[in-house]
Amino acid sequence: MLLQHSYNKENARPLLSVIIPAIKVDLELRRCIDSVRLACGMDNNRCEIVLVMPRCEVEAAKTSMDGVTTFVEETRKGIYAAMNDGIRASCGRYLFFLGKDDIVLSPFGKVLDQLAQEGGCAAFYDVYWGKEGVYSGRPSKWRVLLRNFCHQGIIYSREVIDKHGPYLRRMRVQADHLLNIRLLWDSRFAPSVRYFCGGRVWYAADGFSSVARDPLFWRLYPIILKRYVAPAAGMLLSASRWLRGKNI
């Protein structure tokens, strides 16, 4: 894996690592990175930007992209594989994942201010969901069993990722859903999950994850419930599926 850092690694560990998987450099990627820099500030000790790309695109990106702290060659195909590559290459105390077509808004910086002052294992907040309006990010261990939270509406501490990551690469679009279930049902972490009302990021809402289904996640869902929620929960779901004649 090729890494190129544009700052001294002996500097203080950055507060936040923003990890952006991308196929190539285009206007949307430039817009995304500019929005991060404007919302978070230009100080690399506050925020580093980690760009994960195919090997054939890295050299071109290094010569044309300003503001990126670290360039990473993806080691495997797939969005979760790229995110895992970004995690390994990052240095921040907190981790945040973006798509190249997302936009970080100025109130996002206030979330970082609060995390820097008060800490917390994760921060959830509302996002603007495409043209649909505001999508609530209020964390709930019951809600997450039925519906996932927007990935762009969560900042994770490195401790959470170390404990409940990395992302399961075999899942197509809901490996982050699995991580959120594990986080919100973990009694050690859940009490220090923070919520910030109001939109902090604009999520494009037209990516693959917004329309695709994850067969592996749903096939394993009874096992997930049994292991991370309660044994009875997994048994009840399995029984319900059997009665309805459905495997997933």
Side-chain angles (χ1 to χ4, degrees), residues 79-80 83 94-99 102 105 107-108 110-111 114-115 118-157 159-161 163-168 171-241 244 246 248:
I79 182 63
Y80 290 120
M83 291 161 65
Y94 289 91
L95 302 170
F96 175 48
F97 302 90
L98 282 175
D102 301 320
L105 307 175
F108 182 85
K110 296 180 180 179
V111 178
Q114 290 294 315
L115 289 176
E118 302 176 14
C121 74
F124 285 64
Y125 44 85
D126 305 335
V127 301
Y128 293 101
W129 186 282
K131 299 178 181 179
E132 302 300 320
V134 176
Y135 185 83
S136 174
R138 185 179 294 276
S140 163
K141 69 179 185 179
W142 299 109
R143 172 186 164 183
V144 76
L145 298 181
L146 301 174
R147 189 177 186 184
N148 195 18
F149 295 90
C150 181
H151 208 171
Q152 288 80 349
I154 309 171
I155 298 173
Y156 300 101
S157 69
E159 289 75 16
V160 165
I161 298 296
K163 174 64 177 179
H164 293 305
Y167 293 103
L168 189 60
M171 289 186 176
R172 298 178 66 195
V173 294
Q174 286 183 272
D176 56 306
H177 196 170
L178 172 59
L179 187 148
N180 290 333
I181 291 172
R182 296 181 67 178
L183 165 61
L184 294 175
W185 281 86
D186 187 332
S187 60
R188 294 163 294 180
F189 285 122
S192 62
V193 171
R194 300 173 58 82
Y195 170 65
F196 298 84
C197 181
R200 314 285 167 150
V201 172
W202 181 80
Y203 167 53
D206 57 1
F208 180 70
S209 63
S210 65
V211 297
R213 180 177 174 83
D214 195 324
L216 178 60
F217 175 85
W218 292 111
R219 188 164 66 249
L220 295 178
Y221 199 45
I223 299 173
I224 293 170
L225 293 182
K226 181 178 179 180
R227 181 170 182 180
Y228 300 112
V229 178
M235 295 172 62
L236 286 172
L237 179 58
S238 295
S240 173
R241 288 179 173 181
R244 290 179 295 153
K246 295 181 178 181
I248 60 172

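For this chain, numbers begin at 1 and follow the sequence in order.
Every residue was checked against the side-chain hydrogen bond (donor to acceptor under 3.5 Å, both in side chains) condition with Asp214, not counting sequence neighbours, and none meets it.
Here the CE atom belonging to Met83 is positioned 4.0 Å from the NE2 atom belonging to His151, to the nearest 0.5 angstrom. In this structure, the separation between CD on Gln152 and OH on Tyr203 is 5.5 Å, given to the nearest 0.5 Å. Atom CH2 in Trp185 sits 14.0 Å away from atom CD1 in Ile224 (nearest 0.5 Å). Interatomic distance, Ser157 OG to Lys163 NZ, rounded to the nearest 0.5 Å: 12.5 Å. Distance CG/Leu183 to CZ/Arg188: 11.0 Å, rounded to 0.5 Å. To the nearest 0.5 Å, the span separating CG on Leu216 from CZ on Arg172 amounts to 10.5 Å.
When side chains are defined from C-beta on, Asp102 does not count as touching Trp202, because their heavy atoms never get closer than 4.5 Å. Between Tyr80 and Leu168, every side-chain heavy-atom pair lies at or beyond the 4.5 Å cut-off. For the pair Phe124 and Val111, the minimum side-chain heavy-atom distance is 4.5 Å or more. With a 4.5 Å cut-off on side-chain heavy atoms, Pro166 and Ile161 do not count as touching. Side-chain atoms of Ser192 and Glu159, non-hydrogen and from C-beta on, never get closer than 4.5 Å to each other. Looking only at side-chain heavy atoms (C-beta outward), Cys121 and Val193 come within less than 4.5 Å of each other. At least one side-chain heavy atom of Gln114 sits under 4.5 Å from a side-chain heavy atom of Phe196. Residues Asn180 and Ile154 meet the side-chain proximity criterion, which asks for heavy atoms closer than 4.5 Å.
Residue Arg194 places its CZ atom among more than 12 non-hydrogen atoms of other residues, nucleotides or ligands, all under 6.0 Å distant. Annotation: Arg138, atom CZ; neighbour count of heavy atoms from other residues, nucleotides and ligands within 6.0 Å does not exceed 12.
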I would like to know whether Ile155 and Tyr125 meet side-chain contact (heavy atoms from CB on, under 4.5 Å); could you show each step before the answer?
CA-CA 9 Å; Ile155 298 173; Tyr125 44 85; 3.9 Å; yes
Tell me, with the steps shown, if Tyr228 and Leu178 meet side-chain contact (heavy atoms from CB on, under 4.5 Å).
CA-CA 10 Å; Tyr228 300 112; Leu178 172 59; 4.2 Å; yes
What verdict does the side-chain contact (heavy atoms from CB on, under 4.5 Å) test give for Asn148 and Phe217, after you've listed the backbone C-alpha separation in whole Å, the side-chain angles of each residue and the deciding distance to 0.1 Å?
CA-CA 12 Å; Asn148 195 18; Phe217 175 85; over 6 Å; no
Let me see the working for Val134 and Tyr128 under side-chain contact (heavy atoms from CB on, under 4.5 Å), right down to the final yes or no.
CA-CA 4 Å; Val134 176; Tyr128 293 101; 3.5 Å; yes
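The backbone N or O of Gly199 sits nowhere less than 3.5 Å from a side-chain atom of Asp126 that would complete a donor-acceptor pair.
A distance below 6.0 Å separates the ring centres of Trp129 and Tyr135. Aromatic pair Phe189/Tyr156: ring centres not closer than 6.0 Å.
Heavy atoms only, all atoms of each residue included: Tyr195 and Ser136 are closest at OH-OG, 4.3 Å. Here the closest heavy-atom approach between residue Gln174 and residue Trp218 is recorded as OE1-NE1, 3.0 Å.
The aromatic rings of His177 and Tyr221 sit tilted, their planes meeting at an angle between 30° and 60°.
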